[in-house]
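Nothing here was measured: the structure is a model prediction, and the numbers come from that model.
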Amino acid sequence: MSENVVHLHKATDPPAAETATVTTLTVVPDAPPARPVPLWVRSGRAVKAAVTHERTRSAGRGVVRHGLYTFNGGRIAARRAWDGRTGARYERMIRAAEAAGNLEAAEEWEERLQRFRAARHHRRMDLLHSPVDAAKGVAVGAGMSVGVLVALGVVLAISTGEVGDVVTPLSATIDFIALLIRIVQIVWGPAVTIGPFLALLALWSVGRKQQAAPQWALPANVRSGEGEPITPSIVVKALRDLGIAPLKNAIKEMGDAGASMLGPITIAGCGMEVDVTLPSGVATDEVQKRRRKLAENLTRHEHEVFITIPQAARTVRLWIADSGALDEPIGPSPLVTDETLTADYKKGKAPWGQDLRGDAATISLYQRHLLVTGLSNQGKTAALRALALWLALDRSVQFWIADLKGIGDWAMFDGIAQVLIEGPSDDHVIQATEMVEDAVEEMNRRIEERRRDPNVVFEPLIVLVDEAQLAFMCPVIGDDKRPYGGSKATSRYFMAVRKVHNQGRAVDVLMWQGTQDPTDQNLPKLVREGAHTRASLVLGTESQARMALGDKAVDGGAAPHLLRQGLDKGTLVVASDGIAIPAGQSSITVRTHFIDDEPAAEIAARAKVLRDGVTTLRVVDQDEERDALADIAAVIGDEARLRTNEVLKRLHALDPKVYGDQWTNDRLKALLEEHGEEPKKSHGVMVVHRDHVARALANRDADGSASAAQ
């Protein structure tokens, strides 16, 4: 076994290279020991950690909180005692009424103050005679008591035969009084010791009940505001801290009577409602502009506080939601849950959703043009379709629908609507424009018929255009050099809608439109103001809100631009006389029921059963050659027979250019006679039978086959 020897000293004669092994060893010195942390530094860190620990902070807040509960409880008790003994309460009420400009209330409180002072003076005058009266009363009472006891002793002595029993009742009474004195002597010491602590406990209880401590010292659940009840003091403080100097100064002058500005706080659905009468010098719009700050002062989010202007002067109405209540769903539509539900166009109201109070929001559609607008993908089509689905359950209502989005949102109306256009192209816009122009002709026909017979009743016709902004923005110019879009007198769509708005209501031809992101270009002023019912989802700016709902509604508190995009889908601000709006308000906020495509198809199926079959005409390209006989069969659909006037009307709706004024009863009759059939009368009315048209088609096909064979 060989060993290598490591030399720590350099050899003077190094060995040969082939046999020597050299190893270099580097000696690293140990690191110097760390300097010890001074005691005062370690002590400071420990003290800092202890002081900043959450338990220490909680304990400190608890000490401050309970101490201030006791101190401020004493202040509250002293204030109450002072108010009970003096006229300070009445004087505060007078100052509050004067600050609010309510002179009648000030006079009433002054009268109460005078009555209080008169009663107090009467009590003080009575005190001048009370010592003498009290002394007389004590003397008379003592004499009577001794006399009664002696008489009782005489009766007892006669009964027992012992003369000494005469003083027995008197002696017993004296012993009882001595016992009471002894009990008081025993209890007095502990009572004097414990009494102050009981008094402090009572003051602490008063302060705790009133939460008389700074916000930072209150418990975490109270500081967070979750579920904090709305009280007059909280509302007054929130108003005081809005940053409106006249309002703040007026509340300071009112003292604790700032709540005199408030009406009763009432439960309203999933929140609370209160009317606030503002003091002189404070405008209602100043409070409206500070909605976010007011909501935060009330420990609410901005969307949980609504400010409206009732009819009363200098008054704002606050609706304050329970925390998180507006983020909860409102449940399915009655159209989905109640399969027996029907509609009545004239007398009924459509179940649209719920208002902020949690009450059902229903709307009348009778002879009212409708406009629904909002930003994209916020529930506009769903809100509009929910009304149409309800109205479809009234078999008398006719629908002409143009869906310029064209993704199937209205596909379930195939078989309900007499006309259904689906698509976003310019061709579809042209077809939608011609559909509205046909509605104008139908309106004129009805007006003429009404002129001849004032008692005639027409079936309601709903002309519905979804994504109507595409029609207003359409750049196409027709053969007559008139543009389809635009907002000038030459615009075909614009002028057709205006004509329906002007006269359609009288003969139940109604215009419903759904648009998005309104501007003066895609929603002209005359068109939006022609709608009787105007509803808006969330919008981007106040100017858009004014376009959608009008200045009156926005000035009265309507604020669709303050809804939350993406979070408040389906929430509408509605201005209409067809829906119940609280007295003094110009609009109402409605959270609409959402009906998905599958339930919508089921509702539409129920409507089709009630209608006993309707053939939906889908508009085709105008250049396509028409087969008149096949078109007649198409418009009759599944019905056994149809009046000739109705057949002509449906042919006109199918293609106004082909089946225009030149198509009359005589031409229809000639066409059928050409193929071996003709219209016949039923109950005195000329009708076209489905079977006759089918035989005419078969005869034509047979004639065509024979000609080809020859």
Side-chain angles (χ1 to χ4, degrees), residues 83 89-112 210 225 228-242 244 246-291 293-300 304-323 325-326 355-359 553 555-559 580-589:
D83 288 344
R89 176 187 293 109
Y90 301 95
E91 293 174 356
R92 286 200 307 273
M93 292 297 183
I94 293 172
R95 290 197 301 270
E98 290 175 346
N102 193 343
L103 299 181
E104 293 181 0
E107 292 176 358
E108 181 181 353
W109 283 110
E110 188 173 4
E111 291 178 3
R112 293 185 181 184
Q210 297 293 326
E228 182 179 358
I230 299 299
T231 62
S233 61
I234 290 176
V235 177
V236 171
K237 290 178 182 177
L239 293 169
R240 182 194 63 193
D241 298 336
L242 276 183
I244 304 174
L247 179 59
K248 183 177 181 179
N249 294 335
I251 293 175
K252 284 184 176 179
E253 293 179 6
M254 297 176 191
D256 288 344
S260 62
M261 297 189 305
L262 309 182
I265 297 179
T266 59
I267 297 176
C270 57
M272 311 292 288
E273 188 175 74
V274 60
D275 285 353
V276 181
T277 302
L278 301 176
S280 178
V282 182
T284 54
D285 63 336
E286 292 183 89
V287 178
Q288 279 186 307
K289 293 175 183 177
R290 291 167 171 81
R291 177 185 174 190
K293 190 170 186 179
L294 177 61
E296 293 174 352
N297 290 347
L298 293 167
T299 63
R300 295 295 190 272
E304 294 176 330
V305 174
F306 287 81
I307 306 173
T308 54
I309 311 298
Q311 290 179 343
R314 293 203 330 269
T315 301
V316 293
R317 179 168 295 162
L318 307 181
W319 185 85
I320 307 160
D322 298 334
S323 295
L326 294 184
D355 61 15
L356 296 178
R357 292 174 169 268
D359 299 329
D555 292 339
I581 297 178
Q585 295 182 199
S586 56
S587 65
I588 186 173
T589 301

Is there a side-chain contact between [X] and [Y] in this structure, where contact means two heavy atoms from C-beta onward sitting under 4.5 Å apart?
X: Leu262; Y: Asp275; answer: no
X: Ile581; Y: Ser586; answer: no
X: Ile251; Y: Met261; answer: yes

Just verifying a value: how many Å separate [X] [atom1] and [Y] [atom2], rounded to the nearest 0.5 Å?
X: Thr284; Y: Ile309; atom1: OG1; atom2: CD1; answer: 4.0 Å
X: Thr589; Y: Asp355; atom1: OG1; atom2: CG; answer: 9.0 Å
X: Ile320; Y: Glu273; atom1: CD1; atom2: CD; answer: 9.5 Å

Looking at every non-hydrogen atom in both residues, tell me the closest pair between [X] and [Y] and how far apart they are.
X: Leu247; Y: Val282; result: N-CG2, 3.6 Å
X: Gln288; Y: Asp555; result: OE1-O, 3.9 Å
X: Ala238; Y: Leu298; result: CB-CD2, 3.6 Å
X: Arg291; Y: Ala559; result: NH1-CB, 4.3 Å
X: Ala295; Y: Val305; result: CB-CG2, 3.6 Å
X: Ser587; Y: Ala558; result: OG-CB, 3.3 Å

Quiz item: Would a distance-only check, ignoring hydrogens and angles, find a side-chain to backbone donor-acceptor pair under 3.5 Å from Arg290 to Glu286?
Solution: yes
Quiz item: Taking the side chain from Arg314 and the backbone from Leu278, do they hold a donor-acceptor pair closer than 3.5 Å?
Solution: yes
Practice problem: Begin with the C-alpha distance, continue with both residues' side-chain angles, and end with the deciding distance and a verdict on side chain to side chain contact (heavy atoms under 4.5 Å, CB included) for Val276 and Leu239. | Solution: CA-CA 10 Å; Val276 181; Leu239 293 169; 3.6 Å; yes
Self-check item: side chain to side chain contact (heavy atoms under 4.5 Å, CB included) between Ile267 and Met272, worked out
Solution: CA-CA 5 Å; Ile267 297 176; Met272 311 292 288; 3.9 Å; yes
Self-check item: Stepwise side chain to side chain contact (heavy atoms under 4.5 Å, CB included) check, Leu294 with Leu318
Solution: CA-CA 10 Å; Leu294 177 61; Leu318 307 181; 3.9 Å; yes
Quiz item: Are Glu296 and Arg300 close enough for a salt bridge, meaning some N to O gap below 4.0 Å?
Solution: no
Self-check item: Row check, Phe306 ring normal vs Arg317 NZ/CZ: under 6.0 Å, within 45°
Solution: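 That pair does not qualify as a cation-pi contact.
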